[in-house]
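Here is the structure we will look at.
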Amino acid sequence: MATNGKDSRGLKDDVCVHSNGSCKESAAMNGAATEAETPSNGAEVRPQRFTFSPAPSMEDIRRMQAEFTDERDWNKFHQPRNLLLAMVGEVGEVAELFQWRGEVAEGLPDWTEPEREQLAHELSDVLIYLVELAEKCRVDLPQAVLRKMALNRLKYPASKVHGSAKKYTEYKD
């Protein structure tokens with residue numbers, strides 16, 4: 001699996017996460033820790049946040065899938081309803097990977113590389129179908145995400161919801 005300077009969990013392998021500059025081996029550096037660390041100086045340090053690689057972009061993915069579909073003359077099959085049902089099937093395949101495992105820690109520290117790779121395949125299938133569905137429905141997904149995030153900020157102001165999992169309809173002004 002290509003890592004673009006990151007380990008299999010997408011964590012940079014050359015970043016020191018300790019505020020005091022000491023880069024000791026730690027669970028947070030390899031992605032296994034989910035709790036905040038407290039170095040000897042008392043400052044709390046969060047595990048390195050995962051980031052995606054910069055390429056391919058969502059438009060690149062849309063274009064690659066459109067070419068793939070065109071080359072096979074599959075557009076007659078790739079209509080919105082069929083794409084939605086195919087995506088739901090792929091989401092089911094993702095769910096199967098998590099089924100019967102109980103709670104799974106962020107970074108999947110107990111998963112093997114083949115299990116991680118299988119998850120990457122299934123999540124890729126979901127994304128590919130989602131992007132193609134958005135294309136067929138003429139939804140500019142990146143712009144739709146920006147609009148939706150703006151709505152979410154209004155529905156869930158940090159000052160009201162910090163640390164709570166309640167639905168926005170349960171909050172009082």
Side-chain angles (χ1 to χ4, degrees), residues 1-15 17 27-34 46-156 158 161 165 167-168:
M1 184 181 329
T3 63
N4 71 350
K6 300 175 185 177
D7 70 7
S8 62
R9 291 164 295 275
L11 299 171
K12 294 188 180 206
D13 53 9
D14 61 346
V15 176
V17 297
M29 289 185 70
N30 68 22
T34 57
R46 294 278 173 200
Q48 180 71 29
R49 187 174 291 245
F50 175 87
T51 59
F52 292 120
S53 56
S57 69
M58 194 150 326
E59 174 56 22
D60 293 336
I61 294 167
R62 187 211 57 78
R63 185 182 30 74
M64 287 187 294
Q65 179 60 15
E67 290 170 5
F68 182 88
T69 303
D70 289 345
E71 289 168 352
R72 288 155 182 80
D73 191 26
W74 284 355
N75 277 303
K76 57 189 163 211
F77 308 117
H78 285 213
Q79 294 305 306
R81 178 186 171 276
N82 294 340
L83 292 168
L84 172 63
L85 294 174
M87 183 176 67
V88 168
E90 295 300 336
V91 169
E93 291 184 29
V94 172
E96 284 179 5
L97 297 174
F98 285 85
Q99 190 175 20
W100 313 121
R101 289 182 179 258
E103 288 301 318
V104 176
E106 184 175 334
L108 312 177
D110 298 328
W111 288 38
T112 65
E113 278 306 312
E115 289 170 327
R116 291 171 189 277
E117 189 64 19
Q118 186 63 39
L119 177 61
H121 286 265
E122 300 307 339
L123 288 173
S124 295
D125 286 339
V126 171
L127 179 62
I128 289 165
Y129 280 125
L130 176 63
V131 169
E132 190 171 6
L133 176 61
E135 175 193 31
K136 299 293 183 178
C137 294
R138 304 296 191 258
V139 173
D140 182 347
L141 212 44
Q143 291 301 306
V145 166
L146 292 176
R147 290 190 308 272
K148 181 61 176 168
M149 291 301 298
L151 287 173
N152 287 347
R153 288 184 184 282
L154 294 173
K155 284 168 55 173
Y156 297 98
V161 304
K167 187 171 174 150
Y168 71 95

Identify every side-chain donor-acceptor pair in residues 85-103 under 3.5 Å, counting partners at least two apart or on other chains, and give the distances.
residue, atom, partner, partner atom, Å
R101, NE, L97, O, 2.7
R101, NH2, E115, OE2, 2.8

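M58 CE to I61 CD1: the interatomic distance, rounded to the nearest 0.5 Å, is 6.5 Å. Expressed to the nearest 0.5 Å, how far CZ of R62 lies from CD of E67 amounts to 8.5 Å. Between E117 atom CD and T112 atom OG1 the span is 10.5 Å, to the nearest 0.5 Å. Here the CG-CG distance, from L146 to L141, works out to 10.0 Å after rounding to the nearest 0.5 Å. Between the NZ atom of K136 and the CG atom of N82 there is a distance of 11.0 Å, given to the nearest 0.5 Å. Atoms CD and CZ, on E135 and R63 in that order, are 11.5 Å from each other to the nearest 0.5 Å.
The 12-atom threshold is exceeded at CZ of R72, counting heavy atoms of other residues, nucleotides or ligands nearer than 6.0 Å.
Each of R116, H121, E122 was compared with Q118 under the side chain to side chain donor-acceptor pair (under 3.5 Å) criterion, and only E122 meets it.
Contact check for L123 versus L127: no side-chain heavy atoms found under the 4.5 Å cut-off.
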Requested in this report: Assess whether side chain to side chain contact (heavy atoms under 4.5 Å, CB included) is satisfied between F68 and I128, documenting all intermediate values.
Outcome: CA-CA 11 Å; F68 182 88; I128 289 165; over 6 Å; no
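Ring geometry, W74 versus H78: the interplanar angle falls from 30° to 60°, so the pair is classed tilted.
Counting only distance, with no hydrogens or angles, the side chain of D60 and the backbone of S57 share a donor-acceptor pair below 3.5 Å.
Residue W111 comes nearest to V104 through the heavy atom pair NE1-CG1, 3.5 Å, listed as atom of the first residue, atom of the second, then distance.
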